[in-house]
Structures are given as C-alpha cells and as structure tokens.
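Structure first, commentary second.
Side-chain atoms are counted along with the backbone in the values below, which use heavy atoms only and exclude waters and symmetry mates.
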Amino acid sequence: MKQAKDIVREFYDSDIANDASIIEKYFHPNAVLTWNGIEGLTNLGFDKISDFFADIRKNYKELKIEVSHLLQDNDTVTIRYKYYVHPIENPDEEIGIAHFICIWEIKDEKLYRGYQVSQPFKDQDEKDNSYEKVKA
C-alpha cells in the first residue's frame, strides 16, 4: 500500500499536460476539489477536474510544477507549489501562472477531497527565494 504522500508526489510529478490517462489513474471517481481562487469559491467534481486538465493539454505544450512543501498527516497531504507553462505557440517560453496550496485527502490510493487556494503569479515572485525546497 502506497503512502498518501507518495500518491500526491507522483501525481504532481506526472506529465499532466500530455497524458489524459493521468486523471483516471490518480483521481477517485467521487473526487471533489474545492478551489478558492480569483474567481471565488468553485467546487469541481471528477468531470470538471478532467475538463480543467483537458484545457491545460489544449493550450500548453508543457506544465511544470515546482513544489516547495509536501507534508503528510495520516491520509491527508498538504502541498505548496507553483505552475509554470510552455505555450503551444511558443514552447521555448516558460511563464509562471499561479501559486497554490492544496490539502488532499486520499481514499483508495487516489486523490479524493481537495481544498485548494491559489493566487496569480507576479513577475517579482521570481526574485523571492520562498520556493526553494523547504520540506518534501
């Protein structure tokens, strides 16, 4: 049986931008992600999570995730990370998109309940060393 932390780490290390099978592999069929972002509070079930990553695959050649924290408490894992993308129109360009903190509950070795907060990436964020790997 895999540790919850390993499941979350594997998901965030996977090739989300190019592999549609990732969603079924890592997300529980009854998964719900409660996301608090610039649009306010949004609840995404399995299908909406799948749609979100389908949009990522349509618009970006690559999605890079930089993790600074990965902490486990029983079957609950907290992860802090940033998204960087490579647009299809210019795959050599890397653009910072957003900062995230997400708490995942794991059930049946899959991501089951997520509670996520995000904020947009700012250019000055690259000058801050707060994303140097702290604890993983």
Side-chain angles (χ1 to χ4, degrees):
M1 187 171 196
K2 288 184 183 178
Q3 289 284 322
K5 186 175 179 177
D6 295 332
I7 294 164
V8 172
R9 182 189 325 268
E10 286 176 16
F11 169 68
Y12 285 93
D13 284 346
S14 66
D15 189 6
I16 299 166
N18 296 301
D19 186 350
S21 71
I22 299 280
I23 302 307
E24 285 189 24
K25 181 177 180 181
Y26 288 98
F27 283 87
H28 193 280
N30 297 319
V32 176
L33 174 61
T34 301
W35 187 347
N36 198 340
I38 60 171
E39 301 289 322
L41 190 66
T42 305
N43 287 302
L44 306 174
F46 181 90
D47 291 339
K48 294 290 185 186
I49 294 167
S50 183
D51 292 347
F52 172 79
F53 286 109
D55 285 344
I56 294 283
R57 286 189 300 280
K58 280 187 223 171
N59 294 301
Y60 302 110
K61 173 81 173 143
E62 183 180 349
L63 172 67
K64 181 177 124 188
I65 300 172
E66 185 176 312
V67 175
S68 67
H69 291 74
L70 186 63
L71 309 168
Q72 180 176 340
D73 183 18
N74 297 316
D75 287 337
T76 303
V77 177
T78 301
I79 185 166
R80 178 178 178 244
Y81 60 98
K82 290 193 272 195
Y83 271 178
Y84 292 92
V85 294
H86 293 254
I88 289 175
E89 301 82 17
N90 188 3
D92 294 330
E93 180 181 23
E94 183 174 88
I95 302 167
I97 297 293
H99 301 271
F100 297 87
I101 291 181
C102 190
I103 302 167
W104 281 109
E105 295 176 24
I106 305 302
K107 180 178 180 180
D108 302 329
E109 296 192 4
K110 295 195 177 214
L111 304 172
Y112 178 62
R113 292 285 184 264
Y115 307 92
Q116 179 166 273
V117 177
S118 65
Q119 71 179 52
F121 190 91
K122 306 278 190 215
D123 288 337
Q124 70 266 23
D125 295 347
E126 282 301 304
K127 297 174 185 135
D128 184 351
N129 292 334
S130 70
Y131 268 83
E132 291 180 11
K133 192 174 274 189
V134 177
K135 181 155 181 145

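The side-chain heavy atoms of I79 and F100, taken from C-beta on, include no pair separated by under 4.5 Å. Put simply, the side chain of L33 reaches to within 4.5 Å of the side chain of Q116, judged on heavy atoms.
Residues L70 and K5 approach most closely at O-CE, 3.3 Å, considering heavy atoms. Considering all non-hydrogen atoms of both residues, D92 and H86 come closest at C-ND1, 4.3 Å. The minimum heavy-atom distance between G37 and S118, with the atom names listed, is CA-OG, 3.7 Å. In terms of heavy atoms, A4 sits closest to N74 at CB-O, 3.9 Å. The minimum heavy-atom distance between I65 and I16, with the atom names listed, is CD1-CD1, 3.8 Å. Closest approach of K61 and A17 over heavy atoms only: O-CB, 4.2 Å.
Here the options are Y81, Y83, Y84, the test is side-chain contact (heavy atoms from CB on, under 4.5 Å), and the partner is E66; only Y84 passes. The side-chain contact (heavy atoms from CB on, under 4.5 Å) with I56 is formed by just one residue from the set D51, I97, L63; it is L63.
Of the inter-residue distances, the one linking I23 atom CD1 with R57 atom CZ reads 6.0 Å to the nearest 0.5 angstrom. Going from atom OG1 of T76 over to atom CD1 of I103 covers 8.5 Å, rounded to the nearest 0.5 Å. Considering CD of Q3 and CG of D75, their distance stands at 8.5 Å, rounded to 0.5 Å. In this structure, CG on N36 lies 12.0 Å from CD1 on I101, to the nearest 0.5 angstrom. Expressed to the nearest 0.5 Å, how far CG of N43 lies from OG1 of T34 amounts to 4.0 Å.
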Without placing hydrogens or testing angles, list every side-chain donor-acceptor pair under 3.5 Å for residues 106-114, not counting sequence neighbours.
from, atom 1, to, atom 2, distance (Å)
D108, OD2, H28, NE2, 3.2
E109, OE2, K2, N, 3.2
K110, NZ, E24, O, 2.7
R113, NH1, N30, O, 2.8

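A chain of hydrophobic side-chain contacts below 4.5 Å, direct or via other Ile, Leu, Val, Met, Phe, Trp or Tyr residues, connects I95 to F53. Both F46 and V8 sit in one connected hydrophobic cluster of ILVMFWY residues. Membership requires side-chain heavy atoms under 4.5 Å apart, directly or through other members.
Applying the 6.0 Å contact sphere to CD of E93 captures more than 12 heavy atoms from other residues, nucleotides or ligands.
Listed by chain and residue number, S21 satisfy the side chain to side chain donor-acceptor pair (under 3.5 Å) test with D19 (two or more places apart in sequence, or in another chain).
Aromatic rings of F27 and F11 (six-membered ring for Trp) have centroids within the 6.0 Å cut-off, being under it. The six-membered or imidazole ring of W35 lies near that of F52, with a centre-to-centre distance under 6.0 Å.
Using modelled atom types, one finds no donor on one side chain facing an acceptor on the other under 3.5 Å when comparing W104 with Y26.
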